[in-house]
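Worksheet: the structure to be examined is printed underneath.
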Protein chains: 2
Amino acid sequence: MQSRSPASRTGRPRSATADAAILAATREALVELGWSKLTLGDVATRAGVAKTTLYRRWAGKNELVVDAVAELFDELELFDRGSLAADIEGVVLQFASILALPEARSGLMAVVAEATRDEALRERIRASVVDRQKRLVLEGRARAQARGELPAEPDPASSARTVDLIFDMVAGAVVHRTLVSAEPADEEWVHRFTGVLLRGLAGEAAHPADG
Amino acid sequence: MQSRSPASRTGRPRSATADAAILAATREALVELGWSKLTLGDVATRAGVAKTTLYRRWAGKNELVVDAVAELFDELELFDRGSLAADIEGVVLQFASILALPEARSGLMAVVAEATRDEALRERIRASVVDRQKRLVLEGRARAQARGELPAEPDPASSARTVDLIFDMVAGAVVHRTLVSAEPADEEWVHRFTGVLLRGLAGEAAHPADG
DNA sequence: GGTATTACGCTACGACGCGTAGCGAAAGCC
DNA sequence: GGCTTTCGCTACGCGTCGTAGCGTAATACC
(Lines give C-alpha, C1' and ligand atoms only; values in the text may rest on other atoms or scores of the structure.)
Protein backbone atom coordinates (compact mmCIF):
# COMPACT_ATOMS: atom_id res chain seq x y z
CA MET A 1 0.00 0.00 0.00
CA GLN A 2 1.02 3.62 -0.35
CA SER A 3 2.83 4.95 2.68
CA ARG A 4 0.11 6.47 4.81
CA SER A 5 1.73 9.59 6.20
CA PRO A 6 0.72 10.35 9.80
CA ALA A 7 -0.20 13.90 8.75
CA SER A 8 -3.85 13.07 8.11
CA ARG A 9 -5.17 12.65 11.62
CA THR A 10 -8.31 14.75 11.34
CA GLY A 11 -11.19 14.61 8.89
CA ARG A 12 -13.09 11.67 7.49
CA PRO A 13 -10.90 8.57 7.36
CA ARG A 14 -10.49 6.59 4.20
CA SER A 15 -12.67 3.55 3.93
CA ALA A 16 -10.64 0.41 4.53
CA THR A 17 -13.32 -1.73 2.95
CA ALA A 18 -13.06 0.35 -0.22
CA ASP A 19 -9.37 -0.51 -0.48
CA ALA A 20 -10.11 -4.20 -0.23
CA ALA A 21 -13.00 -3.97 -2.66
CA ILE A 22 -10.90 -2.12 -5.22
CA LEU A 23 -8.05 -4.61 -5.04
CA ALA A 24 -10.43 -7.53 -5.30
CA ALA A 25 -12.17 -5.91 -8.24
CA THR A 26 -8.80 -5.36 -9.89
CA ARG A 27 -7.95 -9.05 -9.62
CA GLU A 28 -11.38 -9.95 -10.95
CA ALA A 29 -10.91 -7.65 -13.91
CA LEU A 30 -7.46 -9.10 -14.54
CA VAL A 31 -8.97 -12.55 -14.79
CA GLU A 32 -11.77 -11.53 -17.13
CA LEU A 33 -10.06 -8.89 -19.25
CA GLY A 34 -6.31 -9.15 -18.79
CA TRP A 35 -3.92 -6.28 -18.36
CA SER A 36 -4.35 -4.37 -21.58
CA LYS A 37 -8.14 -4.30 -21.60
CA LEU A 38 -8.44 -3.49 -17.93
CA THR A 39 -9.74 0.06 -17.41
CA LEU A 40 -9.84 2.00 -14.18
CA GLY A 41 -13.41 3.01 -14.78
CA ASP A 42 -14.43 -0.60 -14.98
CA VAL A 43 -12.57 -1.46 -11.80
CA ALA A 44 -14.28 1.38 -9.98
CA THR A 45 -17.69 0.18 -11.13
CA ARG A 46 -16.93 -3.39 -10.04
CA ALA A 47 -15.76 -2.19 -6.63
CA GLY A 48 -18.80 0.00 -6.17
CA VAL A 49 -16.78 3.19 -5.77
CA ALA A 50 -16.39 6.32 -7.83
CA LYS A 51 -13.58 6.57 -10.33
CA THR A 52 -12.28 9.65 -8.55
CA THR A 53 -11.85 7.68 -5.34
CA LEU A 54 -9.63 5.27 -7.16
CA TYR A 55 -7.44 8.05 -8.53
CA ARG A 56 -7.11 9.61 -5.08
CA ARG A 57 -5.41 6.45 -3.81
CA TRP A 58 -3.40 5.16 -6.73
CA ALA A 59 -1.39 7.10 -9.26
CA GLY A 60 -2.42 4.84 -12.11
CA LYS A 61 -2.98 1.38 -13.48
CA ASN A 62 0.55 0.20 -12.73
CA GLU A 63 0.54 0.94 -9.03
CA LEU A 64 -2.95 -0.44 -8.59
CA VAL A 65 -2.14 -3.76 -10.22
CA VAL A 66 1.09 -4.13 -8.27
CA ASP A 67 -0.81 -3.83 -5.01
CA ALA A 68 -3.55 -6.14 -6.20
CA VAL A 69 -1.08 -8.83 -7.26
CA ALA A 70 1.17 -8.36 -4.23
CA GLU A 71 -1.57 -9.59 -1.93
CA LEU A 72 -1.43 -12.95 -3.68
CA PHE A 73 2.10 -13.48 -2.39
CA ASP A 74 1.19 -12.93 1.25
CA GLU A 75 0.67 -16.60 1.85
CA LEU A 76 4.17 -17.64 0.82
CA GLU A 77 5.82 -19.52 3.64
CA LEU A 78 8.83 -21.78 4.03
CA PHE A 79 7.87 -24.90 5.93
CA ASP A 80 10.63 -26.99 7.48
CA ARG A 81 10.50 -30.29 5.65
CA GLY A 82 13.74 -31.67 7.02
CA SER A 83 16.08 -31.21 4.09
CA LEU A 84 17.18 -28.47 1.76
CA ALA A 85 15.80 -30.30 -1.24
CA ALA A 86 12.41 -30.79 0.37
CA ASP A 87 12.31 -27.18 1.54
CA ILE A 88 13.06 -25.92 -1.94
CA GLU A 89 10.48 -28.17 -3.56
CA GLY A 90 7.85 -27.03 -1.10
CA VAL A 91 8.31 -23.33 -1.58
CA VAL A 92 8.75 -23.61 -5.34
CA LEU A 93 5.45 -25.46 -5.56
CA GLN A 94 3.79 -22.70 -3.56
CA PHE A 95 5.28 -20.08 -5.85
CA ALA A 96 4.16 -22.03 -8.89
CA SER A 97 0.62 -22.32 -7.60
CA ILE A 98 0.44 -18.55 -7.27
CA LEU A 99 1.78 -18.02 -10.77
CA ALA A 100 -0.82 -20.46 -12.04
CA LEU A 101 -3.56 -18.00 -11.06
CA PRO A 102 -4.74 -16.03 -14.09
CA GLU A 103 -4.74 -12.75 -12.18
CA ALA A 104 -1.07 -13.26 -11.34
CA ARG A 105 -0.08 -14.43 -14.81
CA SER A 106 -1.54 -11.51 -16.68
CA GLY A 107 -0.77 -8.85 -14.11
CA LEU A 108 2.69 -9.57 -12.83
CA MET A 109 4.57 -9.68 -16.11
CA ALA A 110 2.85 -6.53 -17.32
CA VAL A 111 3.91 -4.44 -14.37
CA VAL A 112 7.42 -5.86 -14.56
CA ALA A 113 7.50 -4.76 -18.18
CA GLU A 114 6.32 -1.31 -17.22
CA ALA A 115 8.88 -1.19 -14.44
CA THR A 116 11.73 -1.31 -16.95
CA ARG A 117 11.09 2.39 -17.59
CA ASP A 118 9.87 3.40 -14.12
CA GLU A 119 12.29 3.29 -11.23
CA ALA A 120 9.61 4.04 -8.61
CA LEU A 121 7.43 1.23 -9.88
CA ARG A 122 10.39 -1.14 -9.84
CA GLU A 123 11.00 -0.25 -6.21
CA ARG A 124 7.32 -0.80 -5.42
CA ILE A 125 7.42 -4.27 -6.96
CA ARG A 126 10.60 -5.08 -5.12
CA ALA A 127 9.19 -4.03 -1.78
CA SER A 128 5.82 -5.74 -2.05
CA VAL A 129 6.57 -8.84 -4.13
CA VAL A 130 10.23 -9.65 -4.63
CA ASP A 131 11.58 -9.09 -1.15
CA ARG A 132 8.93 -11.38 0.23
CA GLN A 133 10.41 -14.19 -1.85
CA LYS A 134 14.02 -13.31 -1.23
CA ARG A 135 13.42 -13.65 2.48
CA LEU A 136 12.58 -17.29 1.86
CA VAL A 137 15.92 -17.87 0.16
CA LEU A 138 17.71 -16.43 3.19
CA GLU A 139 15.72 -18.60 5.57
CA GLY A 140 16.25 -21.73 3.54
CA ARG A 141 19.96 -21.20 3.27
CA ALA A 142 20.34 -20.54 6.98
CA ARG A 143 18.49 -23.75 7.74
CA ALA A 144 20.60 -25.73 5.29
CA GLN A 145 23.78 -24.34 6.78
CA ALA A 146 22.56 -25.26 10.26
CA ARG A 147 21.92 -28.79 9.00
CA GLY A 148 25.38 -28.92 7.41
CA GLU A 149 23.95 -29.27 3.90
CA LEU A 150 25.58 -26.04 2.74
CA PRO A 151 28.90 -24.57 3.84
CA ALA A 152 28.95 -21.25 5.68
CA GLU A 153 30.07 -18.30 3.60
CA PRO A 154 32.19 -16.01 5.73
CA ASP A 155 32.47 -13.16 3.21
CA PRO A 156 29.21 -11.15 3.46
CA ALA A 157 29.62 -9.59 0.01
CA SER A 158 30.09 -12.95 -1.65
CA SER A 159 27.25 -14.34 0.43
CA ALA A 160 24.87 -11.63 -0.73
CA ARG A 161 25.77 -12.28 -4.36
CA THR A 162 25.10 -15.97 -3.89
CA VAL A 163 21.66 -15.28 -2.45
CA ASP A 164 20.85 -12.99 -5.35
CA LEU A 165 22.01 -15.61 -7.81
CA ILE A 166 19.95 -18.39 -6.26
CA PHE A 167 16.96 -16.13 -6.12
CA ASP A 168 17.22 -15.24 -9.80
CA MET A 169 17.66 -18.89 -10.70
CA VAL A 170 14.69 -20.14 -8.71
CA ALA A 171 12.23 -17.37 -9.43
CA GLY A 172 13.38 -17.00 -13.01
CA ALA A 173 13.04 -20.67 -13.82
CA VAL A 174 9.54 -20.93 -12.38
CA VAL A 175 8.39 -17.74 -14.05
CA HIS A 176 9.83 -18.77 -17.39
CA ARG A 177 8.36 -22.24 -17.16
CA THR A 178 4.94 -20.90 -16.26
CA LEU A 179 4.64 -17.77 -18.36
CA VAL A 180 6.90 -18.24 -21.37
CA SER A 181 6.90 -21.98 -21.92
CA ALA A 182 3.30 -21.98 -20.67
CA GLU A 183 3.73 -25.39 -19.07
CA PRO A 184 2.75 -26.22 -15.50
CA ALA A 185 5.49 -26.26 -12.87
CA ASP A 186 4.14 -29.47 -11.38
CA GLU A 187 5.73 -31.82 -8.88
CA GLU A 188 7.71 -33.74 -11.43
CA TRP A 189 9.18 -30.60 -12.95
CA VAL A 190 9.97 -29.10 -9.55
CA HIS A 191 11.69 -32.33 -8.53
CA ARG A 192 13.89 -32.29 -11.60
CA PHE A 193 14.62 -28.61 -11.16
CA THR A 194 15.65 -29.04 -7.55
CA GLY A 195 17.93 -31.89 -8.55
CA VAL A 196 19.79 -29.76 -11.06
CA LEU A 197 19.94 -26.79 -8.72
CA LEU A 198 21.50 -28.84 -5.93
CA ARG A 199 23.68 -31.31 -7.82
CA GLY A 200 24.25 -29.63 -11.18
CA LEU A 201 23.73 -30.92 -14.69
CA ALA A 202 26.43 -33.57 -14.61
CA GLY A 203 25.64 -34.70 -11.07
CA GLU A 204 21.94 -34.88 -11.73
CA ALA A 205 22.46 -37.53 -14.38
CA ALA A 206 23.62 -39.89 -11.64
CA HIS A 207 20.28 -39.52 -9.82
CA PRO A 208 17.76 -39.48 -12.63
CA ALA A 209 14.72 -40.75 -10.80
CA ASP A 210 15.01 -40.44 -7.04
CA GLY A 211 15.59 -37.51 -4.67
CA MET B 1 6.71 -12.00 -40.27
CA GLN B 2 3.18 -13.04 -41.02
CA SER B 3 3.02 -16.00 -43.35
CA ARG B 4 2.76 -14.51 -46.80
CA SER B 5 0.41 -16.83 -48.60
CA PRO B 6 1.31 -17.40 -52.26
CA ALA B 7 -2.28 -16.49 -53.20
CA SER B 8 -1.40 -12.85 -53.96
CA ARG B 9 0.48 -13.18 -57.24
CA THR B 10 -0.90 -10.25 -59.17
CA GLY B 11 -1.21 -6.58 -58.26
CA ARG B 12 1.23 -4.18 -56.69
CA PRO B 13 3.56 -6.01 -54.29
CA ARG B 14 4.06 -4.88 -50.75
CA SER B 15 7.07 -2.71 -50.17
CA ALA B 16 9.83 -4.66 -48.44
CA THR B 17 11.56 -1.46 -47.37
CA ALA B 18 8.38 -0.39 -45.63
CA ASP B 19 8.48 -3.53 -43.51
CA ALA B 20 12.04 -2.83 -42.42
CA ALA B 21 11.29 0.84 -41.79
CA ILE B 22 8.26 0.01 -39.66
CA LEU B 23 10.12 -2.52 -37.53
CA ALA B 24 13.04 -0.14 -37.06
CA ALA B 25 10.65 2.65 -36.13
CA THR B 26 8.96 0.34 -33.64
CA ARG B 27 12.25 -0.37 -31.91
CA GLU B 28 13.08 3.32 -31.90
CA ALA B 29 9.72 4.14 -30.33
CA LEU B 30 10.22 1.38 -27.76
CA VAL B 31 13.47 3.00 -26.68
CA GLU B 32 12.05 6.49 -26.44
CA LEU B 33 8.55 5.81 -25.17
CA GLY B 34 8.39 2.27 -23.85
CA TRP B 35 5.59 -0.19 -24.43
CA SER B 36 2.62 1.54 -22.86
CA LYS B 37 3.19 4.96 -24.45
CA LEU B 38 3.97 3.54 -27.87
CA THR B 39 1.21 4.35 -30.34
CA LEU B 40 0.78 2.90 -33.80
CA GLY B 41 0.18 6.33 -35.25
CA ASP B 42 3.53 7.48 -33.96
CA VAL B 43 5.28 4.42 -35.35
CA ALA B 44 3.73 5.04 -38.75
CA THR B 45 4.91 8.64 -38.74
CA ARG B 46 8.45 7.62 -37.75
CA ALA B 47 8.53 5.01 -40.51
CA GLY B 48 7.23 7.45 -43.11
CA VAL B 49 4.20 5.31 -43.94
CA ALA B 50 0.48 5.79 -43.50
CA LYS B 51 -1.21 4.37 -40.43
CA THR B 52 -3.48 2.30 -42.61
CA THR B 53 -0.48 0.58 -44.18
CA LEU B 54 0.60 -0.53 -40.74
CA TYR B 55 -2.81 -1.97 -39.95
CA ARG B 56 -2.88 -3.85 -43.25
CA ARG B 57 0.20 -5.85 -42.21
CA TRP B 58 -0.13 -6.31 -38.48
CA ALA B 59 -3.21 -7.06 -36.46
CA GLY B 60 -2.16 -4.80 -33.61
CA LYS B 61 0.50 -3.55 -31.28
CA ASN B 62 1.30 -7.00 -29.90
CA GLU B 63 2.15 -8.66 -33.19
CA LEU B 64 4.13 -5.66 -34.38
CA VAL B 65 6.33 -5.53 -31.30
CA VAL B 66 6.93 -9.28 -31.36
CA ASP B 67 8.28 -9.02 -34.89
CA ALA B 68 10.32 -5.95 -34.06
CA VAL B 69 11.91 -7.56 -31.02
CA ALA B 70 12.39 -10.93 -32.69
CA GLU B 71 14.88 -9.45 -35.14
CA LEU B 72 17.15 -8.66 -32.21
CA PHE B 73 17.59 -12.36 -31.53
CA ASP B 74 18.76 -13.18 -35.04
CA GLU B 75 22.41 -12.80 -34.13
CA LEU B 76 22.37 -15.43 -31.38
CA GLU B 77 24.98 -18.06 -32.10
CA LEU B 78 26.71 -20.81 -30.16
CA PHE B 79 30.45 -20.65 -30.70
CA ASP B 80 32.54 -23.69 -29.87
CA ARG B 81 34.76 -22.60 -27.00
CA GLY B 82 36.06 -26.02 -26.15
CA SER B 83 34.08 -26.88 -23.03
CA LEU B 84 30.47 -26.95 -21.93
CA ALA B 85 31.08 -24.30 -19.29
CA ALA B 86 32.70 -21.95 -21.79
CA ASP B 87 29.98 -22.58 -24.35
CA ILE B 88 27.27 -21.76 -21.83
CA GLU B 89 29.01 -18.64 -20.63
CA GLY B 90 29.45 -17.42 -24.17
CA VAL B 91 25.84 -17.82 -25.24
CA VAL B 92 24.45 -16.53 -21.97
CA LEU B 93 26.53 -13.38 -22.33
CA GLN B 94 25.15 -12.92 -25.83
CA PHE B 95 21.62 -13.38 -24.55
CA ALA B 96 22.29 -10.93 -21.73
CA SER B 97 23.63 -8.32 -24.11
CA ILE B 98 20.42 -8.48 -26.12
CA LEU B 99 18.28 -8.16 -23.01
CA ALA B 100 20.35 -5.15 -22.01
CA LEU B 101 19.00 -3.26 -25.00
CA PRO B 102 16.17 -0.94 -23.94
CA GLU B 103 14.03 -1.94 -26.92
CA ALA B 104 14.23 -5.56 -25.81
CA ARG B 105 13.72 -4.86 -22.13
CA SER B 106 10.55 -2.84 -22.52
CA GLY B 107 9.09 -4.79 -25.39
CA LEU B 108 9.72 -8.43 -24.65
CA MET B 109 8.16 -8.66 -21.22
CA ALA B 110 5.12 -6.73 -22.33
CA VAL B 111 4.30 -9.08 -25.17
CA VAL B 112 4.92 -12.08 -22.94
CA ALA B 113 2.42 -10.61 -20.51
CA GLU B 114 -0.09 -10.13 -23.28
CA ALA B 115 0.56 -13.65 -24.49
CA THR B 116 -0.80 -15.08 -21.25
CA ARG B 117 -4.28 -14.41 -22.64
CA ASP B 118 -3.59 -14.91 -26.35
CA GLU B 119 -2.67 -18.33 -27.61
CA ALA B 120 -1.85 -17.13 -31.12
CA LEU B 121 0.48 -14.48 -29.78
CA ARG B 122 2.16 -17.05 -27.56
CA GLU B 123 2.77 -19.23 -30.59
CA ARG B 124 4.15 -16.26 -32.51
CA ILE B 125 6.63 -15.52 -29.72
CA ARG B 126 7.61 -19.14 -29.50
CA ALA B 127 8.27 -19.41 -33.23
CA SER B 128 10.21 -16.19 -33.65
CA VAL B 129 12.02 -15.81 -30.33
CA VAL B 130 11.99 -18.82 -28.05
CA ASP B 131 12.72 -21.58 -30.51
CA ARG B 132 15.76 -19.72 -31.70
CA GLN B 133 17.18 -20.00 -28.21
CA LYS B 134 16.12 -23.55 -27.58
CA ARG B 135 18.05 -24.65 -30.63
CA LEU B 136 21.20 -23.43 -28.86
CA VAL B 137 20.48 -25.67 -25.88
CA LEU B 138 20.20 -28.66 -28.16
CA GLU B 139 23.45 -27.83 -29.92
CA GLY B 140 25.32 -27.25 -26.70
CA ARG B 141 24.16 -30.49 -25.18
CA ALA B 142 25.06 -32.50 -28.26
CA ARG B 143 28.54 -31.01 -28.21
CA ALA B 144 28.96 -31.70 -24.52
CA GLN B 145 27.85 -35.31 -25.00
CA ALA B 146 30.32 -35.69 -27.86
CA ARG B 147 33.05 -34.38 -25.58
CA GLY B 148 31.99 -36.76 -22.84
CA GLU B 149 31.04 -33.93 -20.46
CA LEU B 150 27.42 -35.05 -20.28
CA PRO B 151 26.04 -38.59 -20.41
CA ALA B 152 23.85 -39.62 -23.31
CA GLU B 153 20.14 -39.84 -22.52
CA PRO B 154 18.65 -42.79 -24.37
CA ASP B 155 15.02 -42.08 -23.50
CA PRO B 156 13.81 -39.38 -25.93
CA ALA B 157 10.91 -38.30 -23.72
CA SER B 158 13.14 -37.81 -20.72
CA SER B 159 15.68 -36.13 -22.93
CA ALA B 160 13.14 -33.61 -24.18
CA ARG B 161 12.06 -32.80 -20.64
CA THR B 162 15.67 -32.20 -19.66
CA VAL B 163 16.18 -29.80 -22.54
CA ASP B 164 13.05 -27.90 -21.58
CA LEU B 165 14.19 -27.73 -17.98
CA ILE B 166 17.64 -26.42 -18.86
CA PHE B 167 16.13 -23.91 -21.21
CA ASP B 168 13.77 -22.57 -18.58
CA MET B 169 16.59 -22.39 -16.06
CA VAL B 170 19.01 -20.54 -18.33
CA ALA B 171 16.62 -18.16 -20.01
CA GLY B 172 14.61 -17.63 -16.84
CA ALA B 173 17.60 -16.77 -14.71
CA VAL B 174 19.00 -14.27 -17.21
CA VAL B 175 15.62 -12.66 -17.78
CA HIS B 176 14.92 -12.43 -14.07
CA ARG B 177 18.36 -11.03 -13.32
CA THR B 178 18.07 -8.44 -16.06
CA LEU B 179 14.45 -7.38 -15.92
CA VAL B 180 13.26 -8.06 -12.38
CA SER B 181 16.37 -7.63 -10.27
CA ALA B 182 17.46 -4.97 -12.76
CA GLU B 183 21.11 -5.89 -12.34
CA PRO B 184 23.51 -6.54 -15.22
CA ALA B 185 24.20 -10.15 -16.16
CA ASP B 186 27.92 -9.44 -16.46
CA GLU B 187 30.80 -11.88 -16.77
CA GLU B 188 31.15 -12.40 -13.04
CA TRP B 189 27.48 -13.23 -12.63
CA VAL B 190 27.43 -15.50 -15.67
CA HIS B 191 30.48 -17.33 -14.34
CA ARG B 192 28.82 -17.94 -10.99
CA PHE B 193 25.60 -18.98 -12.67
CA THR B 194 27.33 -21.47 -14.92
CA GLY B 195 29.10 -22.94 -11.92
CA VAL B 196 25.86 -23.60 -10.09
CA LEU B 197 24.17 -24.92 -13.20
CA LEU B 198 26.92 -27.45 -13.87
CA ARG B 199 27.99 -28.45 -10.36
CA GLY B 200 25.01 -27.54 -8.20
CA LEU B 201 24.75 -25.46 -5.07
CA ALA B 202 26.76 -27.76 -2.83
CA GLY B 203 29.35 -28.57 -5.47
CA GLU B 204 29.82 -24.95 -6.41
CA ALA B 205 31.03 -24.11 -2.91
CA ALA B 206 34.11 -26.23 -3.58
CA HIS B 207 35.05 -24.04 -6.57
CA PRO B 208 34.28 -20.54 -5.34
CA ALA B 209 36.61 -18.56 -7.58
CA ASP B 210 37.81 -20.53 -10.57
CA GLY B 211 36.11 -22.32 -13.47
C1' DG C 1 0.31 -0.48 -74.54
C1' DG C 2 -3.91 -1.39 -72.25
C1' DT C 3 -6.33 -3.49 -68.38
C1' DA C 4 -7.16 -5.76 -64.04
C1' DT C 5 -5.57 -6.16 -59.44
C1' DT C 6 -3.47 -4.98 -55.36
C1' DA C 7 -0.95 -1.73 -52.25
C1' DC C 8 -0.35 2.89 -50.90
C1' DG C 9 -1.06 7.75 -48.83
C1' DC C 10 -4.30 10.66 -47.11
C1' DT C 11 -8.40 12.38 -44.66
C1' DA C 12 -12.11 11.95 -41.74
C1' DC C 13 -14.84 9.75 -38.43
C1' DG C 14 -17.19 7.55 -34.14
C1' DA C 15 -15.97 5.22 -30.04
C1' DC C 16 -13.62 4.84 -25.90
C1' DG C 17 -10.56 5.43 -21.95
C1' DC C 18 -7.81 8.86 -19.58
C1' DG C 19 -7.17 12.01 -15.84
C1' DT C 20 -9.08 16.25 -13.77
C1' DA C 21 -12.26 19.79 -11.95
C1' DG C 22 -16.12 21.11 -9.40
C1' DC C 23 -19.96 20.32 -6.50
C1' DG C 24 -22.79 18.90 -2.40
C1' DA C 25 -23.06 15.41 1.11
C1' DA C 26 -21.12 12.23 4.61
C1' DA C 27 -18.03 10.89 8.39
C1' DG C 28 -14.88 11.49 11.50
C1' DC C 29 -11.95 14.60 15.30
C1' DC C 30 -11.87 19.02 18.54
C1' DG D 1 -21.63 22.77 16.37
C1' DG D 2 -17.36 23.77 13.61
C1' DC D 3 -13.41 22.00 11.03
C1' DT D 4 -11.33 18.83 7.98
C1' DT D 5 -11.02 15.23 4.81
C1' DT D 6 -13.19 11.81 1.97
C1' DC D 7 -16.84 10.31 -0.90
C1' DG D 8 -20.10 9.89 -5.01
C1' DC D 9 -21.43 12.06 -8.95
C1' DT D 10 -21.29 14.67 -13.32
C1' DA D 11 -19.04 16.73 -16.91
C1' DC D 12 -15.26 17.91 -19.70
C1' DG D 13 -11.03 18.19 -23.05
C1' DC D 14 -7.67 15.22 -24.79
C1' DG D 15 -5.53 11.54 -27.19
C1' DT D 16 -5.60 6.99 -29.33
C1' DC D 17 -7.98 3.42 -31.54
C1' DG D 18 -9.39 1.03 -35.65
C1' DT D 19 -11.98 1.64 -39.92
C1' DA D 20 -14.03 3.58 -44.20
C1' DG D 21 -13.58 5.93 -48.33
C1' DC D 22 -11.11 7.92 -52.02
C1' DG D 23 -7.71 8.80 -55.60
C1' DT D 24 -3.12 7.32 -56.98
C1' DA D 25 1.00 4.20 -57.76
C1' DA D 26 3.03 -0.19 -58.98
C1' DT D 27 2.98 -4.65 -60.80
C1' DA D 28 1.12 -8.98 -63.61
C1' DC D 29 -1.45 -10.62 -67.50
C1' DC D 30 -2.97 -10.22 -72.36
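Keep in mind the model is a prediction, meaning the values are calculated, not measured.
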By nearest heavy atom, map A:Thr53 and B:Gly41 onto DNA chain D; which one lands nearer the 5' end? A:Thr53
Can you confirm whether A:Asp42 sits close enough to A:Leu33 that some side-chain heavy atom of one is under 4.5 Å from a side-chain heavy atom of the other? yes
Is there side-chain contact between A:Arg192 and B:Ser158, with at least one heavy-atom pair below 4.5 Å? yes
Output the rounded distance in Å from [atom1] ([X]) to [atom2] ([N]).
X	N	atom1	atom2	result
B:Leu33	D:dG15	CG	C1'	14 Å
A:Arg14	D:dT6	CZ	P	5 Å
A:Asn62	C:dC18	CG	C1'	14 Å
B:Tyr55	C:dA7	OH	C1'	18 Å
B:Asp42	D:dG18	CG	P	15 Å
A:Lys37	D:dC17	NZ	C1'	13 Å
A:Lys61	D:dT16	NZ	C1'	13 Å
A:Leu64	C:dG19	CG	C1'	15 Å

Does CD belonging to A:Glu32 count more than 12 external heavy atoms closer than 6.0 Å? yes
Quiz question: going by heavy-atom distance under 3.5 Å, is there a donor-acceptor pair between the base of C:dG19 and the side chain of A:Lys51? yes
Treat primed atoms plus P, OP1 and OP2 as sugar-phosphate and everything else as base, then score nucleotides 22-30 of chain C 5' to 3': B for base contact with protein heavy atoms under 4.0 Å, S for sugar-phosphate contact only, - for none. ----BBB--
Any idea how B:His176 and A:Phe167 line up, ring-wise: parallel (<30°), tilted (30 to 60°), or perpendicular (>60°)? perpendicular
Is there a donor-acceptor pair closer than 3.5 Å between any side-chain N or O of A:Thr53 and the backbone N or O of A:Val49? no
Would you check if the side chain of A:Arg122 reaches a backbone N or O of A:Ala115 as a donor-acceptor pair within less than 3.5 Å? yes
